[in-house]
Every structure is written in structure tokens, then in C-alpha cells.
Amino acid sequence: MDHVAVAVRDLEAALKALEGLGLRCTHVEEVSSEHVRTAFLPAGDAAVELLQPTSQEGAVARFLASREGVHHVAFRVADLEDALRKATRAGLVVIPPAPRPGARNSWVAFLHPKSTFGVLIELVERP
């Protein structure tokens with residue numbers, strides 16, 4: 001497990017709420033290609049990633065049009081290309097473009113929720 005991403009309308013309010021639970025933000029970054037501002041709060045060996053849209057163009061803005069909440073679950077992989085080959089062989093649907101740059105200098109790819117039991121899954125390869 002790498003992180004659980006939560007789509008929020010107000011990043012500062014969400015940070016304040018989670019910090020009230022004892023979590024601490026360690027990294028904030030804008031990922032312009034995804035049209036989001038992200039904040040990471042470590043929780044054990046994984047993290048909570050908060051996602052706030054920076055425009056109405058991205059997937060997170062479309063998600064927030066209907067609700068706030070868990071957006072995706074991310075799993076860390078050692079070799080993203082290999083993981084994508086295995087996922088495709090297993091019948092999982094990769095959302096293009098993949099791979100693509102992600103937060104914290106990572107490479108990421110997403111698997112369509114129609115092929116993963118209704119859950120958007122992100123695969124993350126860290127440097």
C-alpha cells in the first residue's frame with residue numbers, strides 16, 4: 001500500500017481536520033498534468049493523500065461534482081512497466097496515458113474501476 005487518496009474541495013480545511021487527529025502533513029505539491037494540488041500525511045507505512053482540483057478540467061474536479069471522499073487506492077510497485085503488463089494480462093484495463101509523472105517524483109498509472117471491482121487503483125513507482 002502506498003496511499004489512499006481523498007478528493008476534497010478545501011485542502012486547508014481537510015489538512016486542519018486530519019492534523020486534529022494527529023496526522024502531520026509532510027509534503028504539498030501541485031501536479032499540473034493532473035490538475036490537482038496534493039498533500040501527503042503519513043499514516044504508518046502508507047499515507048493519506050488529499051487532492052484538491054486546480055481547474056475544472058481534471059478527473060478530480062469531475063469526481064467532486066458529485067461527492068467528496070475516497071478517490072483511489074494506490075499500491076507501490078518496483079517496476080511500473082512490468083506491473084502494467086501483468087495487469088493487462090490479468091484483464092485489468094489501464095487508463096491512458098500510462099505511465100505518467102505523479103507526485104513526489106513518481107511514475108504512476110491508473111486501472112479503470114470497471115475492471116477492479118469499482119475501485120480506482122493507482123500503481124506507483126518511486127525513484
Side-chain angles (χ1 to χ4, degrees):
M1 173 73 66
D2 189 77
H3 65 271
V4 173
V6 179
V8 298
R9 291 183 179 92
D10 183 339
L11 186 64
E12 301 308 320
L15 281 170
K16 184 176 179 180
L18 291 179
E19 288 177 340
L21 295 174
L23 299 174
R24 295 289 171 245
C25 180
T26 59
H27 184 81
V28 176
E29 173 182 352
E30 184 169 328
V31 182
S32 58
S33 62
E34 298 295 327
H35 305 279
V36 294
R37 188 167 164 236
T38 69
F40 286 88
L41 299 98
D45 291 335
V48 174
E49 176 189 27
L50 300 175
L51 303 166
Q52 178 184 333
T54 57
S55 79
Q56 294 304 310
E57 295 179 37
V60 174
R62 289 189 299 275
F63 180 89
L64 281 173
S66 63
R67 67 197 174 286
E68 277 187 302
V70 174
H71 182 264
H72 66 267
V73 175
F75 296 101
R76 194 173 307 140
V77 298
D79 181 334
L80 185 56
E81 292 286 350
D82 183 54
L84 290 172
R85 281 190 294 277
K86 289 176 180 174
T88 301
R89 280 196 304 269
L92 304 177
V93 178
V94 177
I95 298 172
R100 57 191 187 233
R104 301 186 289 181
N105 297 314
S106 65
W107 283 94
V108 302
F110 290 87
L111 303 177
H112 200 288
K114 288 182 181 177
S115 67
T116 56
F117 313 101
V119 177
L120 179 62
I121 293 179
E122 179 183 21
L123 302 176
V124 180
E125 180 183 324
R126 299 218 175 277

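- When the side chains of ILVMFWY residues are joined at heavy-atom separations under 4.5 Å, either directly or via intervening members, Phe110 and Phe117 end up in two distinct hydrophobic clusters.
- Considering CD of Glu125 and CG of Leu84, their distance stands at 9.5 Å, rounded to 0.5 Å.
- Taking CG of Leu64 as the reference point, atom CD of Glu68 lies at 6.0 Å (rounded to 0.5 Å).
- Separating the OG1 atom in Thr116 from the CD1 atom in Ile121 is a distance of 4.5 Å, to the nearest 0.5 Å.
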Does Arg104 form a side-chain contact (heavy atoms from CB on, under 4.5 Å) with Val124? I'd like the steps, not just the answer. CA-CA 10 Å; Arg104 301 186 289 181; Val124 180; over 6 Å; no
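- By the rule that hydrophobic residues join a cluster once side-chain heavy atoms approach within less than 4.5 Å of another member, Val77 and Val108 end up as members of separate clusters.
- The two residues Val73 and Val119 come nearest to each other via the heavy atoms CG2-CG1, 4.1 Å.
- Closest non-hydrogen pair, Val8 versus Pro53, comes out as O-CD, 3.6 Å.
- Smallest separation of non-hydrogen atoms from Ala103 and Glu49: CB-OE2, 4.5 Å.
- Once rounded to the nearest 0.5 Å, the distance linking CZ of Phe75 with CE of Met1 reads 4.5 Å.
- Of the possible polar contacts, one joining the His112 side chain to the Lys114 backbone as a donor-acceptor pair under 3.5 Å is found.
- Side-chain contact check for Glu34 versus Leu51: every heavy-atom pair is 4.5 Å or farther apart.
- Using cut-offs of 30° and 60° for the angle between ring planes, the Phe63 and His71 rings count as perpendicular.
- Of all non-hydrogen atoms in Cys25 and Ala39, the two that sit nearest each other are SG-CB, 4.0 Å.
- Taken together through direct or relayed side-chain contacts under 4.5 Å among Ile, Leu, Val, Met, Phe, Trp and Tyr, Leu11 and Val6 form part of one hydrophobic cluster.
- Of all heavy-atom pairs between Thr54 and Glu30, the closest is CG2-CD, 4.0 Å.
- Atom CG of residue Leu50 and atom OG1 of residue Thr38 lie 9.0 Å apart, to the nearest 0.5 angstrom.
- Of the possible polar contacts, none joining the Ser55 side chain to the His35 backbone as a donor-acceptor pair under 3.5 Å is found.
- With hydrogens and angles disregarded, no donor-acceptor distance shorter than 3.5 Å links the side chain of Arg76 to the backbone of Leu123.
- Residues Leu41 and Glu19 are in side-chain contact: their nearest non-hydrogen atoms beyond the backbone lie under 4.5 Å apart.
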Step by step, work out the side-chain contact (heavy atoms from CB on, under 4.5 Å) result for Asn105 and Arg126. CA-CA 7 Å; Asn105 297 314; Arg126 299 218 175 277; over 6 Å; no
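- Here the shortest heavy-atom pairing between Trp107 and Arg100 reads CE3-C, 3.2 Å.
- Interatomic distance, Arg37 CZ to Glu12 CD, rounded to the nearest 0.5 Å: 5.0 Å.
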